[in-house]
Amino acid sequence: MGDTTTAAAPIRAVSKPQENLNIVIVGHVDHGKSTLVGRLYADTGSLPEGKLEKVQAICRQQGKEFEYAFLFDAFLEEQEQGITIDTARTFFIWKGRQYIIIDAPGHKEFLKNMISGAARAEAALLLIDALEGVREQSKKHGYLLSLLGVRQFAVAVNKMDLVGYRQDVFDSIEKEYREFLGQFGAVPERIIPVSAKLGDNIANRSQAMTWYQGPTVLDTLSLFKKETAWADQPLRFPVQDVYKFDARRIIAGRIAAGRLKVGDHLVFSPSNKRANIQSIEAFNIEPLPTSAEAGESVGVTLDEQIFVERGEIATHQERLPLVSTSFKANLFWLGKRPLEKDRKYLLRMATKEVGCEVAAIHRIIDTMDLNQQQGSIAVNRNQVAELTLRTKAPIAFDLSSSFEATGRFVLVDEYDIAGGGIVTEMVRDDQESLREEARRRDFAWVKGEVGIEDRAKQYGHRSAVVLFTGGRHTGKSLLARKLEGRLIADGRHAYLLDGENLRRGLDADLSEEERTQTAEMARRYGEVARLLIDTGLLVVSTTNPFGLDYREASQAIRTLVHPAPVIAVHVSKTAEEPPPNTDVVLSGPMDFDAATKQVMDVLKRRGVLAEVLGAKPTFQYSI
Amino acid sequence: MNHTLGRDVCCTALKTTAMKNLVESKGYTGIILGVRADEDSTRAKERYFSPRDKHGDWDFRDQPPELWNQFKTTFPPGTHIRVHPLLDWTEINIWEYIKAENIPFMDLYLDRGDGTRYRSLGCAPCTTPIKSTAKTVDEIIDELRGTNIAERAGRAQDAGRGMEMLRKKGYM
């Protein structure tokens with residue numbers, strides 16, 4: 001082979017590598033990514049014995065020229081078409097570090113595979129063909145690296161042998177690409193002229209390009225740093241699960257940022273529940289650890305039995321996450337169907353899963369020239385867009401510029417992950433002032449000796465609000481009474497909160513005009529419901545006093561009693577659109593027994609009536 | 001069924017078809033497997049959560065995206081998911097873990113006095129040992145740090161496109 005390199009003796013690792021580093025290789029199709037990876041392995045002596053020979057033999061058998069790319073493009077289809085279809089991970093050890101090299105496809109058809117590869121990388125190498133210059137995917141991949149949070153990367157200008165190793169060709173590509181990257185603030189660590197096919201500046205210094213004095217590709221990999229700074233950030237501990245062992249409840253998850261230690265005061269968002277860490281649990285370790293930091297999967301027990309769920313984020317009180325039902329994001333879409341405004345999606349962020357919809361598509365970003373196209377109603381496959389999302393329930397999150405793990409999300413369309421994005425801005429929804437009131441109130445709440453869990457154990461059910469909505473004369477008040485009666489007859493603790501009673505008492509100080517404004521009435525109603533929730537009752541309630549503004553009122557009540565479960569039942573005579581988050585819709589002539597049973601079934605499904613708390617249930621009632 | 005009928009016929013029956021039958025008869029919707037990316041070049045292209053269709057086939061052309069620790073965890077009825085938690089472990093990692101946790105293992109992986117041991121175990125007729133004098137886990141780890149022999153070099157089923165064929169049809 002006409003190699004123009006000076007040989008470096010391969011060094012095999014004989015000692016344990018100090019660390020792992022994930023590197024992704026990206027760039028436009030046919031710009032030589034797989035060839036570069038193959039060459040890197042061959043020149044560092046990292047290929048297993050016989051691997052080169054096996055692939056060469058297959059090539060001879062099929063009568064085609066051997067390419068280094070075939071070492072990793074394992075599928076027959078990939079070798080026949082000469083392209084990488086899916087990301088391959090391969091491993092090699094160099095100077096005390098184990099590299100996991102992720103070879104990503106460059107064809108635009110396989111962008112989702114490139115994203116899978118790049119999303120797990122800590123650093124990237126982006127290839128540009130010297131003869132073809134900067135192409136569509138060179139730009140898209142460069143932009144996506146930045147969106148995916150891969151800040152550490154180098155560029156290799158490949159196939160320099162095809163342009164006579166000319167420095168002016170290299171310089172003009174460097175200038176053009178640096179200008180492109182500069183538009184979104186990305187700066188490559190190095191730009192390296194190489195020939196992967198002939199081995200120039202891969203592992204060995206090129207003799208044909210003495211004008212280049214910088215590091216080779218292999219040297220550049222060694223210069224990439226391991227990101228370790230997450231532990232120094234404020235705490236972000238997304239709850240993955242709550243394990244119930246004997247009397248203990250262990251809150252489990254992986255710490256995404258910061259540190260925690262025994263005795264720390266934790267706040268869970270968005271529920272605003274608080275407690276101190278009593279212990280950090282570990283399997284088969286004596287003595288138990290007293291602190292843990294980012295990257296570790298831990299379980300903690302608390303000094304107080306509070307009800308928290310998967311998806312909440314535990315933090316210290318000084319640096320709370322944001323909470324809203326709405327945020328702006330930059331998103332890439334990979335779905336077979338376009339992302340559309342009037343469809344429902346599932347949003348997954350850290351451990352939280354919540355239904356969502358697109359509130360607005362602000363613009364589609366053309367990654368070729370970063371031009372922005374406005375007025376779109378859909379985002380097509382492989383497009384990047386700036387949009388606002390609205391979630392079904394409030395969620396805790398961060399801006400991705402401050403926290404990676406809690407600032408980025410994926411969208412699921414039916415069964416498939418179909419897009420991913422980063423949060424760029426919180427949008428204050430109309431519940432913000434009530435949410436702030438609830439937060440201040442919950443943080444300062446004076447607790448007695450009896451906790452909500454104790455009451456639930458004693459009563460045989462959790463507390464919840466059953467909220468009947470609907471216009472006047474729909475039968476909802478009668479249905480609410482029936483439900484209260486049925487619950488009491490079954491031995492539950494239920495109470496009918498009728499708005500009329502508040503109107504004449506608690507709201508007596510409001511003027512006639514104030515009483516026609518829903519906001520203050522709903523706030524008072526919500527706070528009373530919150531008190532009753534704390535007593536462990538099933539609060540059966542109607543929104544009658546708010547007239548037809550039940551949509552607004554039901555939202556306010558939810559915010560104020562959050563995170564207690566609210567089961568919404570909408571009653572109407574016509575087939576009108578129920579308020580968002582309605583659990584049961586009843587229309588047409590009313591069969592009260594059937595309707596009551598339907599509501600009871602939802603209570604059971606939501607775990608209000610069936611939740612078994614503690615190891616030895618002391619329920620006096622059958623549930 | 002045996003290897004004298006030809007390796008492809010035998011492997012397909014004993015590995016691919018057998019596994020497919022098991023999944024079908026038990027109605028499994030998920031299987032956790034210990035395959036690793038460093039074992040084989042098609043396993044190098046696997047996902048952590050890898051869906052299989054009704055026939056158990058692997059649609060390697062259209063694999064789900066995996067990013068930011070979010071995986072494909074919902075799938076239509078009749079299909080199943082293969083979960084590969086050890087995908088990014090290497091052969092050495094396995095032995096280090098065996099050592100750290102003192103996990104018992106089959107002694108065919110050690111030299112039992114004849115100067116050979118098995119790196120990878122499969123069906124007897126199609127698996128050959130490598131030359132090695134490693135008699136302890138520590139010696140295996142030392143040997144692996146210096147070797148450039150592939151882990152599955154002794155597995156006849158990997159020859160040519162053997163693994164690729166088996167895996168596309170549903171083998172693990």
Side-chain angles (χ1 to χ4, degrees), chain A residues 12-17 20 22 45-51 54 57-58 61 71-77 85-91 93 98 100 103 110-113 115-116 118-120 148-149 254 284 334 336 346 348-351 404-405 408-410 412 414-420, chain B residues 36-49 51 58-77 79 81 87-93 96 101 119 130 141-153 158-161 163-165 167-168:
Chain A
R12 289 222 54 92
V14 287
S15 59
K16 188 177 165 64
N20 289 323
N22 288 280
S46 305
L47 287 173
E49 193 182 284
K51 172 94 178 179
K54 176 181 164 181
I58 294 178
Q61 211 178 356
L71 289 168
F72 301 111
D73 282 343
F75 293 123
L76 179 66
E77 291 80 352
I85 291 177
D86 209 337
T87 300
R89 296 181 193 64
T90 55
F91 303 76
I93 295 173
Q98 173 171 282
I100 301 179
D103 181 19
F110 305 119
L111 191 72
K112 77 178 157 63
N113 297 341
I115 282 171
S116 297
R120 66 166 60 95
L148 289 163
R254 186 189 293 158
N284 228 357
L334 307 166
K336 294 186 180 93
L346 184 73
R348 287 165 51 181
M349 186 185 291
T351 57
E404 275 189 353
R408 55 198 190 183
F409 61 90
V410 297
V412 179
E414 288 202 333
Y415 295 111
D416 302 319
I417 292 179
Chain B
R36 309 188 324 266
D38 76 331
E39 289 177 290
D40 163 79
S41 45
T42 64
R43 285 181 180 164
K45 299 203 175 224
E46 268 293 1
R47 294 289 185 269
Y48 291 105
F49 283 64
W58 181 34
D59 188 358
F60 65 93
R61 280 188 201 80
D62 188 20
Q63 297 205 71
E66 282 189 343
L67 59 154
W68 305 331
N69 289 319
Q70 303 289 357
F71 305 100
K72 184 176 173 69
T73 48
T74 45
F75 38 95
T79 63
I81 198 101
L87 211 50
D88 281 349
W89 287 39
T90 61
E91 186 184 7
I92 290 183
N93 294 152
E96 286 169 341
E101 299 293 335
R119 282 273 293 281
I130 57 153
I141 293 171
D142 273 352
E143 176 189 293
L144 294 180
R145 292 212 189 288
T147 189
N148 62 347
I149 312 246
E151 177 184 3
R152 294 173 62 91
D158 291 25
R161 296 195 171 278
M163 274 295 266
E164 182 181 348
M165 261 176 37
R167 300 205 71 245
K168 282 176 181 172

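Given the structure is predicted, the values throughout are model-derived calculations rather than measurements. Here is the naming used below: chain letters follow the sequence lines, and residue numbers restart at 1 for every chain.
For the atom pair B:F49 CZ and B:F75 CZ, the distance stands at 9.0 Å (nearest 0.5 Å). Between the NZ atom of B:K45 and the CD atom of B:Q63 there is a distance of 9.5 Å, given to the nearest 0.5 Å. Between B:L144 atom CG and B:I92 atom CD1 the span is 5.0 Å, to the nearest 0.5 Å.
No salt bridge links B:E46 with B:R36; every basic N to acidic carboxylate O contact stays at or beyond 4.0 Å.
For a residue to count as touching a neighbouring chain, one of its non-hydrogen atoms must lie under 4.5 Å from one of that chain's; by this rule B:D38 touches chain A with backbone and side chain alike. Proximity to chain B is limited to the backbone of A:E414, based on heavy atoms less than 4.5 angstrom apart. Both the backbone and the side chain of A:I417 come within less than 4.5 Å of a heavy atom of chain B. For chain A, the nearby parts of B:P76 are the backbone and the side chain; heavy atoms of each come within less than 4.5 Å. Contact of A:L346 with chain B is not made at all, since no heavy-atom distance falls under 4.5 Å. Both the backbone and the side chain of B:D88 come within contact range of chain A, each with at least one heavy atom under 4.5 Å from a heavy atom of that chain. For a residue to count as touching a neighbouring chain, one of its non-hydrogen atoms must lie under 4.5 Å from one of that chain's; by this rule A:A350 touches chain B with the backbone only.
You'll find the ring centres of B:Y48 and B:F71 inside the 6.0 Å limit.
Judged as a side chain to side chain contact (heavy atoms under 4.5 Å, CB included), and not counting sequence neighbours, the contacts of B:D59 are B:R61, B:D62.
In terms of heavy-atom pairs under 4.5 angstrom with chain A, the leader among B:D40, B:L87, B:I141 is B:L87.
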